[in-house]
Amino acid sequence: MKQIIQSFKTGETILEEVPAPLVAKGHVLIKSTHSLVSLGTERMLVEFGKSNLISKARQQPDKVKQVLDKIKTEGLLPTLEAVFNKLGEPLPLGYCNVGVVIAVGEGVSEFKVGDRVASNGQHAEYVCVPKNLVASIPDNVTDEQATFTVIGSIGLQGIRLLNPTLGETIVVIGLGLIGLLTAQLLIANGCKVIGVDIDESKLNLAKEWGIIPFNPRNGDVVKFVQECTGDIGADGVVITASAKNNEIISQAARMSRKRGRIILVGVIGLDLSRAEFYEKELTFQVSCSYGPGRYDENYENRGIDYPLPFVRWTEKRNFEAILQSISSGKLLVDKMVSQVVPLDNYMQIYKEIGASKAIASILKYDENTNIPKNTIELKPSNYEGQKGVIAVIGSGNFTKMTMLPALKGSGAINKYIASKGGVSGTAMAQKYLFSHSTTNTEDILKDGEVDLVLITTRHNLHAPMVVKCLEANKHVFVEKPLALNEEELLQVIEAQKKSEKTIMVGFNRRFSPHALKMKSLLGNSQINVIATMNAGAIPKNVWVHDMEVGGGRIIGEACHFIDLITYLTGSKVKSVCMNAMGVNPEENTDNASILLKYENGSTGVINYFSNGSKAYSKERIEVYSQERTLIMDNFIKTEGFGFKGFSKLKTRLDKGHKNQFHKLIEQTKNGGEPLIPFEELINTSKASFAAIESLKTNSWISI
């Protein structure tokens, strides 16, 4: 299928051929008929992409700080590689889609095949959208009119926060697409509306709808508002403009009455004057997108709705309200349509998007599109009889930033990358010369040419996908963790017993030159190990903390260090005890200390902390044995004390990924023993589960 994407690196806007998405649980699959180009939002993205590195940095000072911290801890070259990889990531454009439902996922009863719907889907021939971001279109609303649903909801949410009452005077600053929709909705709400913009054509259109127009180039907007309100001032101001300076927020404050309300929907400078807000006791609030539910994982992706009596207007219900307003004739959108362009001619819109005076441009999709392909071939391929043919399932940051660069030069024969939406997977496939991009993992499992499947999905999919790959007679690499609980682990063990194929988990640290050197120096002696992970904080709403999806950071990440200590000790974990920070720590804690007893008498301590400074080294290993000490700092430097012939090893940051993947491809091609014994993989998984159980029971847990 065809989809519009944009590069943050070059700013180039491309109509790309990508595999169509599959319908997912709680989602609907939609064949697009029209989509609206949000000239404001998409113009900012395109202009950002076209700007140089210095300009990009100036626009994102918070990101610059993160880069500087990363340089301090990981070095300049690894940081630059990460930055350029991130900038090379394609961005799908669009969020105002209209189409026809062609499939419904499990758990969806609100829609059926054939329904006309509006959604926040992208500019693509087919989109898969969660049910709470989809709304049915009334029969008397055309597809073109319905493309205004989502962007209208942005303005509507700003109005709901403003909470205007009948007869109030509201100023809308910025009469772009959202501004004009907002002003109309305020008129329908019984308000007196003043519209402010420098574009006379938009002011003339607003005047037709009963909005009082004002061009700030022709006078003082604050004085004009005072005159219109009998020197009282505006009851409320909705800012839908885009500007980098602070003048607009100052004007909004000065034109407001005492205890007036200001709502920001657009993007402006926010260097507020305390005096302007203090003297009038003004209320200021920023509006977030379409309404309650936005960026809430449970609402948007799991389909869990807020109870209507307590949250009357969610994103979806705002969508429905906009469609009803269009249906009833209260919201007039036809005159805002500047052009309707076939998808193939998309550059008519995007080539002059920065200078365009258009209000709304609409893309029209070909009604005769063929049945969507879930797998596309990017280059001719025939791998019959060759060994080392790989497929990658998952196209997130680890795949892009770490795994694919590490696989370079390994001898792997790259065939498939599978991604959920198709865009990121296709971009990676093109960059790393894979022959196929797919959204359907079944095509990979059925392909007899594929020897090795590498799984880098979210953690809850690891164990089920490992089982499927083993059943399909594939070797498997899975990024940690192997499983999230004992039940999943048992399923993996059973599948392994029936398969002749190997499982490898991404415990790369043991393949680092620092770990290899430490192991060679230590031999098989009893040792004490202290591993400290300065993990850094991750917001609590990120999926990693969800025990059902990510398993928490102890199971999902601390397992790295359980495996590393197992490698250094040459033994398996015998028992585990974990203590965590806080009076009543939860099982998804990421501030904990884990004690490990090993079968050979060695001990390990893992301090996994998220509350440290990012300027400090991320990982540190200390080993004590026979009056000797090894200190490894962040996989860059290892120092030895008491060792004859060894004092220091220094490298660039090397956590062992390249060595791990090169050995894995060699083992896949030539056979031989697994890189990590299967019983050690099981032992490490069980030890991570035991750590959580120990926290719950306040006791040592035997493995």
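What you see below is based on every heavy atom in this structure, not just the backbone, and it leaves out hydrogens, waters and symmetry mates.
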Going by an N to O cut-off under 4.0 Å, is there a salt bridge joining Lys335 and Glu208?
-> yes
Could you please spell out the steps behind the side-chain hydrogen bond (donor to acceptor under 3.5 Å, both in side chains) verdict for Ser38 and Tyr95?
-> CA-CA 8 Å; Ser38 175; Tyr95 59 92; 2.9 Å; yes
Heavy atoms of other groups near Arg259 CZ, more than 12 under 6.0 Å | no
Please tell me if the side chains of Tyr350 and Val37 come closer than 4.5 Å, counting only heavy atoms from C-beta onward.
-> yes
Side-chain donor or acceptor of Ser7 paired with backbone N/O of Pro90 under 3.5 Å = no
For residues Leu185 and Asn189, determine if any side-chain heavy atom of one lies less than 4.5 Å from a side-chain heavy atom of the other.
-> no
Side chain to side chain, Met336 and Phe148, heavy atoms closer than 4.5 Å | yes
Correct closest heavy-atom pair for Ser287 and Gln157 would be OG-CG, 3.4 Å
With the side chain counted from C-beta on, respond yes when Asn120 and Val129 share a heavy-atom pair under 4.5 Å apart, and no when they do not.
-> yes
Name the one of Arg116, Lys364, Lys31 that satisfies salt bridge (charged side-chain N to carboxylate O under 4.0 Å, His left out) with Asp143?
-> Arg116
Salt-bridge contact Glu200-Arg217 (side-chain N to carboxylate O under 4.0 Å) | no
Residues that Arg458 engages under side-chain contact (heavy atoms from CB on, under 4.5 Å), provided they are two or more places apart | Glu297, Asn460, Trp543, Val549
How far does OH of Tyr290 sit from OH of Tyr295, to the nearest 0.5 angstrom?
-> 6.5 Å
Given side chains that start at C-beta, do those of Leu264 and Leu270 come closer than 4.5 Å, heavy atoms only?
-> yes
CZ of Phe277 to NZ of Lys280, rounded to nearest 0.5 Å, is 10.0 Å
Salt bridge between Asp305 and Lys316, side-chain N to carboxylate O under 4.0 Å?
-> no
What one should report as the nearest heavy-atom pair of Ser256 and Ala252 is OG-O, 2.6 Å
Indicate yes or no: at least one non-hydrogen side-chain atom of Ile249 is less than 4.5 angstrom from one of Phe284.
-> yes
Quick one: which of Val150, Leu363, Leu177 gives a side chain to side chain contact (heavy atoms under 4.5 Å, CB included) with Leu36?
-> Leu177
In Å, rounded to the nearest 0.5 Å, how long is the span from OH of Tyr306 to CG of Asn298?
-> 8.0 Å
Check the pair Ser35 / His123 against side-chain hydrogen bond (donor to acceptor under 3.5 Å, both in side chains), numbers first and verdict last.
-> CA-CA 6 Å; Ser35 61; His123 298 316; 2.8 Å; yes
Other residues, nucleotides, ligands: >12 heavy atoms within 6.0 Å of Asn204 CG = yes
Taking C-beta and beyond as the side chain, do Val265 and Ile178 meet within less than 4.5 Å on heavy atoms?
-> yes
For Arg160 and Asn318, what are the C-alpha separation, side-chain angles and deciding distance, and is it a side-chain hydrogen bond (donor to acceptor under 3.5 Å, both in side chains)?
-> CA-CA 10 Å; Arg160 296 204 189 284; Asn318 275 342; 2.8 Å; yes
For Leu203, which of Ile212, Asp197, Ile198 qualifies under side chain to side chain contact (heavy atoms under 4.5 Å, CB included)?
-> Asp197
Should Arg254 and Glu276 count as an ion pair when the cut-off is N to O under 4.0 Å?
-> yes
Short question: side chain of Asn132, backbone of Tyr299 - any donor-acceptor pair under 3.5 Å?
-> yes
Val172 vs Ile194, side-chain contact (heavy atoms from CB on, under 4.5 Å): CA-CA, chis, key distance, verdict | CA-CA 6 Å; Val172 177; Ile194 300 171; over 6 Å; no
Grab the two heavy atoms, one from Ser419 and one from Ser424, that are nearest each other, plus how far apart they are.
-> CB-OG, 3.8 Å
Passes side-chain hydrogen bond (donor to acceptor under 3.5 Å, both in side chains), Ser361 versus Gln339? Steps please.
-> CA-CA 5 Å; Ser361 297; Gln339 55 185 331; 3.0 Å; yes
Please tell me if the side chains of Asn246 and Leu272 come closer than 4.5 Å, counting only heavy atoms from C-beta onward.
-> no
Please confirm whether the backbone N or O of Leu156 pairs with a side-chain atom of Ser153, one donor and one acceptor, at under 3.5 Å?
-> no
